[in-house]
Amino acid sequence: QIEVGDREIVRVQEKREVWSVFGELTWHLNEQWWLSVGGRFTDETEEQIGEVSSDFGPSQDIGGTSKPVSDFRPRVAVHFDVTDNVNLYGVIATAIKPGIVANDGTVLDDEKFTNYEAGAKGFMLDNRIRFGASIFYTEWDDLQVVTGEFNPGAGPPILTTRGNAADATAKGIELELDYRPVDPFLIRAAFGYLNAKFGSFPNAVVAGEIVDLSGQTFARAPKYSASLTAQYDWRFGNNWDGYARVEWNYRDEFLSSPD
């Protein structure tokens, strides 16, 4: 739900019925290389009950029922142990998000994506330093997109529209570092780069208008993000723990809605 002041303007409830079976096999090719092959079979349905309403105007029904999905999605990962403390890896994974038949008649197709990721993680100096680095590339087919715009005229206060982008991609980098110079003190740093864009999306609906969002950056997807944390832990007797923490977070500017 979203609130503006004391006025609640969006209410959404979801009911999901999901059952799945997941399996994975790991094969140690030698002392350094090992391969994991797995997959998940899922049967899923979802019902959404929701409305956009406020003191400012009539409500808009945003509920709907998903189309039943029975699907198998594989996952493959390969690992290479550089040393006992450092591991390199590569992963290919797929997933699906069920389409939905909205109460307003809108029909969304199933969203499917494939993610490719490679990275390294490990530790050194008797576990005082832990690090991770990864690059990823994600491809979507029929990405489900929801937009909401304030309505200045008569009718619902927010106009919510849904649709499928034909395709979309995201690529990025994630870096993480933990350092404990002494046992009670932790310094943690993280950095992220993200480039997420629609591929072909010529018939997007934004605020009731048909626009071409092909090549447009995703909403709420800052290009750069970073954080820095310093934390000191201590123990009171045998039953109490405490900590003091200072955090700094940064997010680059981003679009609040596709436009």
Side-chain angles (χ1 to χ4, degrees), residues 2 22 24 26 32-36 38 40 73 75-95 97 111 113-140 143-146 165 168-199 215-235 240-258:
I2 303 175
F22 176 78
E24 186 175 71
T26 299
Q32 290 181 291
W33 289 92
W34 44 290
L35 176 70
S36 296
R40 180 185 299 273
R73 290 284 144 180
R75 179 183 184 275
V76 178
V78 60
H79 297 260
F80 176 71
D81 293 327
V82 181
T83 67
D84 291 340
N85 301 334
V86 179
N87 175 262
L88 306 180
Y89 69 90
V91 180
I92 301 175
T94 60
K97 179 180 179 181
E111 172 185 313
F113 76 86
T114 303
N115 184 64
Y116 307 87
E117 181 178 342
K121 50 189 174 182
F123 58 91
M124 59 183 65
L125 298 181
D126 295 326
N127 262 350
R128 294 196 179 277
I129 295 179
R130 288 181 173 270
F131 63 88
S134 65
I135 58 174
F136 63 87
Y137 179 80
T138 305
E139 295 178 326
W140 284 272
L143 173 68
Q144 295 177 17
V145 181
V146 179
T169 59
K171 55 187 176 182
I173 299 171
E174 294 180 345
L175 305 175
E176 297 179 345
L177 176 68
D178 285 3
Y179 175 48
R180 282 192 179 273
V182 293
D183 286 341
F185 188 49
L186 170 66
I187 300 173
R188 174 170 292 162
F191 171 80
Y193 166 79
L194 176 64
N195 186 342
K197 293 184 177 182
F198 299 114
Q216 174 68 54
T217 301
F218 284 12
R220 296 175 293 278
K223 192 170 186 178
Y224 299 103
S225 61
S227 66
L228 182 63
T229 303
Q231 178 172 312
Y232 190 87
D233 303 305
W234 65 87
R235 175 176 289 271
W240 296 88
D241 294 318
Y243 66 88
R245 178 189 297 168
V246 178
E247 292 185 11
W248 172 82
N249 292 280
Y250 169 79
R251 288 196 301 173
D252 197 9
E253 62 183 14
F254 58 90
L255 299 174
S256 61
S257 178

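Keep in mind it's a predicted model, so treat the numbers as computed, not measured.
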Residues, nucleotides or ligands: over 12 heavy atoms within 6.0 Å of [X] [atom1]:
| X | atom1 | value |
| --- | --- | --- |
| Arg128 | CZ | yes |
| Arg180 | CZ | yes |
| Glu247 | CD | yes |
| Asp126 | CG | no |
| Ile187 | CD1 | yes |
| Asn127 | CG | yes |
| Glu176 | CD | no |

note = In short, Ala120 meets Leu88 closest at the heavy-atom pair CB-CD2, 3.4 Å
remark   = Correct closest heavy-atom pair for Trp140 and Ala170 would be CZ3-CB, 3.6 Å
Do [X] and [Y] have side chains that get closer than 4.5 Å, going by heavy atoms?
| X | Y | result |
| --- | --- | --- |
| Asn115 | Val91 | no |
| Ile92 | Thr114 | yes |
| Tyr224 | Phe191 | yes |
| Arg75 | Glu24 | yes |
| Asp252 | Tyr193 | no |
| Lys97 | Phe113 | no |
| Leu186 | Asp178 | yes |
| Phe218 | Phe198 | yes |

task = Assess Arg220 against Phe254: is NZ or CZ under 6.0 Å from the centre of the six-membered ring, and within 45 degrees of the ring's axis?
result = no
request  = Kindly say whether the aromatic ring centers of Tyr232 and Tyr243 come within a distance under 6.0 Å.
outcome  = no
inquiry  = Please enumerate all residues that pass side chain to side chain donor-acceptor pair (under 3.5 Å) together with Asn87, with sequence neighbours excluded.
reply    = His79, Asp81
request  = In sequence, state the C-alpha distance, the side-chain angles, and the governing distance for Val246 and Trp248, and then conclude on side chain to side chain contact (heavy atoms under 4.5 Å, CB included).
outcome  = CA-CA 7 Å; Val246 178; Trp248 172 82; over 6 Å; no
Starting at [atom1] of [X], measure out to [atom2] of [Y] and round the result to the nearest 0.5 Å.
| X | Y | atom1 | atom2 | result |
| --- | --- | --- | --- | --- |
| Thr138 | Tyr116 | OG1 | OH | 9.5 Å |
| Thr169 | Lys197 | OG1 | NZ | 8.5 Å |
| Arg73 | Thr94 | CZ | OG1 | 4.5 Å |

message = Between Thr229 and Arg245, does the side chain to side chain contact (heavy atoms under 4.5 Å, CB included) criterion hold? Intermediate values first, please.
response = CA-CA 7 Å; Thr229 303; Arg245 178 189 297 168; 3.7 Å; yes
